Amino acid sequence: MPSWSSGSVRGERPDRPFTGYKLANAVLSADGERAGFVGLTLGATEVYGVTAEARCVWNGHHAPPRRWCGCGFYCLHAFGDALDLGCATENRSAVLLEVAAAGRYIRYERGLRYSRQRVRVIRESRCDCGLPGSALAEAGSGLIGWRHLVPACGRCAVGRPVLTMREFAARLDGPVRVEVPEITMPAASAPAFGVPEDGVPEDGVTAGESQFAVLAAEIALLHARLDDLQSRLDR
């Protein structure tokens, strides 16, 4: 978040929730059954759901937010400011959320730092190519028990494990509206996340297996054939 001049000197409590806009990274559980969000910087290792209470990652003995600490959720007042923030290189893989901010809060010129939030709407996402991100694809990174997802357009999603935004929202722990344009992926072009209940897909290849693993297996087979040929020549 950018540094803002503060408009208050003490923590405040609103009489009703504020509407704010924020960026977050989408995550999917290891079994593919649950979804959530993580922050971009301080909260990058703390998965939260639709309704969440802020927790200080440095000191669990005080209630966020504290002025002398950076803890708490952050949001911006203006949708346009959140769009601008999403243009930064380090934020390109984030989704833009509309939230209801409540609880204790500290007011700044352009936004709030606060203790409680509810995610209302997934408003915006962009694929790495610049087109609207209408699905979420495997990012190749994650946390223990959670995989990071990145926005992808219909073209860039082909051949990758993806969830549409609505499929992602259905895995959250509460209702969230989706305002991102939807895509229809051909079944053969969009591998599913997770594996069947017995733990092994019908073709014997796990859903998370990469093309590199397949290539490595082919190379190993080639080496075995070469070794066999060499042994025959040595006789």
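Since the model is a prediction, treat every value here as computed from it, not as a measurement.
- Proximity of C153 to P132: side-chain heavy atoms (C-beta onward) are nowhere separated by under 4.5 Å.
- Side-chain contact between I122 and L97: present, with at least one pair of heavy atoms (C-beta onward) separated by less than 4.5 Å.
- Side-chain atoms of E46 never come within 3.5 Å of backbone atoms of G43 as a donor-acceptor pair (strictly under, hydrogens ignored).
- Of the charged side-chain nitrogens involved, at least one lies within less than 4.0 Å of a carboxylate oxygen, so that E124 and R126 count as a salt-bridged pair.
- Applying the ring pair (Phe, Tyr, Trp, His ring centres under 6.0 Å) test to every pair with at least one member in residues 110-133, sequence neighbours left out, gives these pairs: F73-Y114.
- Sorted by first then second residue, the ring pair (Phe, Tyr, Trp, His ring centres under 6.0 Å) pairs that include residues 137-160, not counting sequence neighbours, number zero.
- Both V50 and L163 sit in one connected hydrophobic cluster of ILVMFWY residues. Membership requires side-chain heavy atoms under 4.5 Å apart, directly or through other members.
- Nearest heavy-atom pair, A135 versus V162, reported as atom, atom and distance to 0.1 Å: CB-CB, 4.4 Å.
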For side-chain contact (heavy atoms from CB on, under 4.5 Å), just list the numbers for C127 and R155, CA-CA rounded to whole Å, side-chain angles, deciding distance to a tenth of an Å, and then say yes or no. CA-CA 10 Å; C127 180; R155 181 180 62 189; over 6 Å; no
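- Residues S93 and V150 approach most closely at CB-CG1, 3.8 Å, considering heavy atoms.
- Residues V57 and V47 fall into different hydrophobic clusters, defined by Ile, Leu, Val, Met, Phe, Trp and Tyr side chains chained together at heavy-atom separations under 4.5 Å.
- With hydrogens and angles disregarded, a donor-acceptor distance shorter than 3.5 Å links the side chain of S125 to the backbone of G133.
- Nearest heavy atoms, C71 versus H62: SG-NE2, 3.4 Å.
- By the rule that hydrophobic residues join a cluster once side-chain heavy atoms approach within less than 4.5 Å of another member, V99 and V121 end up as members of separate clusters.
- Note that OH of Y48 is 10.5 Å distant from CG of L172, once rounded to the nearest 0.5 Å.
- Of the possible polar contacts, one joining the R160 side chain to the E138 backbone as a donor-acceptor pair under 3.5 Å is found.
- Using a 4.5 Å heavy-atom cutoff, the side chains of E90 and L40 are not in contact.
- Note: E109 CD to H77 NE2 = 9.0 Å, rounded to the nearest 0.5 Å.
- Shortest non-hydrogen contact noted between A101 and L112 is CB-CD1, 4.2 Å.
- By the 4.5 Å heavy-atom criterion applied to side chains, C56 and R66 are not counted as neighbours.
- If you take CG on L136 and CZ on R171, they are separated by 11.0 Å, rounding to the nearest 0.5 Å.
- Distance OG/S141 to CZ/R147: 11.5 Å, rounded to 0.5 Å.
- In the hydrophobic clustering of this structure, F168 groups with V176; members are Ile, Leu, Val, Met, Phe, Trp, Tyr whose side-chain heavy atoms approach within less than 4.5 Å, directly or through other members.
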Identify every side-chain donor-acceptor pair in residues 19-29 under 3.5 Å, counting partners at least two apart or on other chains, and give the distances.
from	atom 1	to	atom 2	distance (Å)
T19	OG1	R120	NH1	2.8
K22	NZ	Q117	OE1	3.2
S29	OG	D31	OD1	2.6
S29	OG	E33	N	3.3
S29	OG	R34	N	3.0
S29	OG	R34	O	3.3

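- Under the 4.5 Å side-chain heavy-atom criterion for grouping Ile, Leu, Val, Met, Phe, Trp and Tyr, F37 is connected to V180 within one hydrophobic cluster.
- Counting non-hydrogen atoms of neighbouring residues, nucleotides and ligands closer than 6.0 angstrom, the CG atom of D128 reaches no more than 12 such neighbours.
- Ring geometry for Y105 against F18 counts as perpendicular: the plane angle is over 60°, on a 0 to 90° scale with 30° as the lower cut.
- Separation of atoms CG (L85) and CG (N91) is listed at 5.0 Å; rounding is to 0.5 Å.
- Distance check: M165 CE to R177 CZ gives 15.0 Å after rounding to the nearest 0.5 Å.
- Taking both residues in full, the closest heavy atoms of G70 and Y74 are given as O-OH, 2.9 Å, listed atom of the first, atom of the second, then distance.
- The shortest distance between side-chain heavy atoms of P151 and V95 falls below 4.5 Å.
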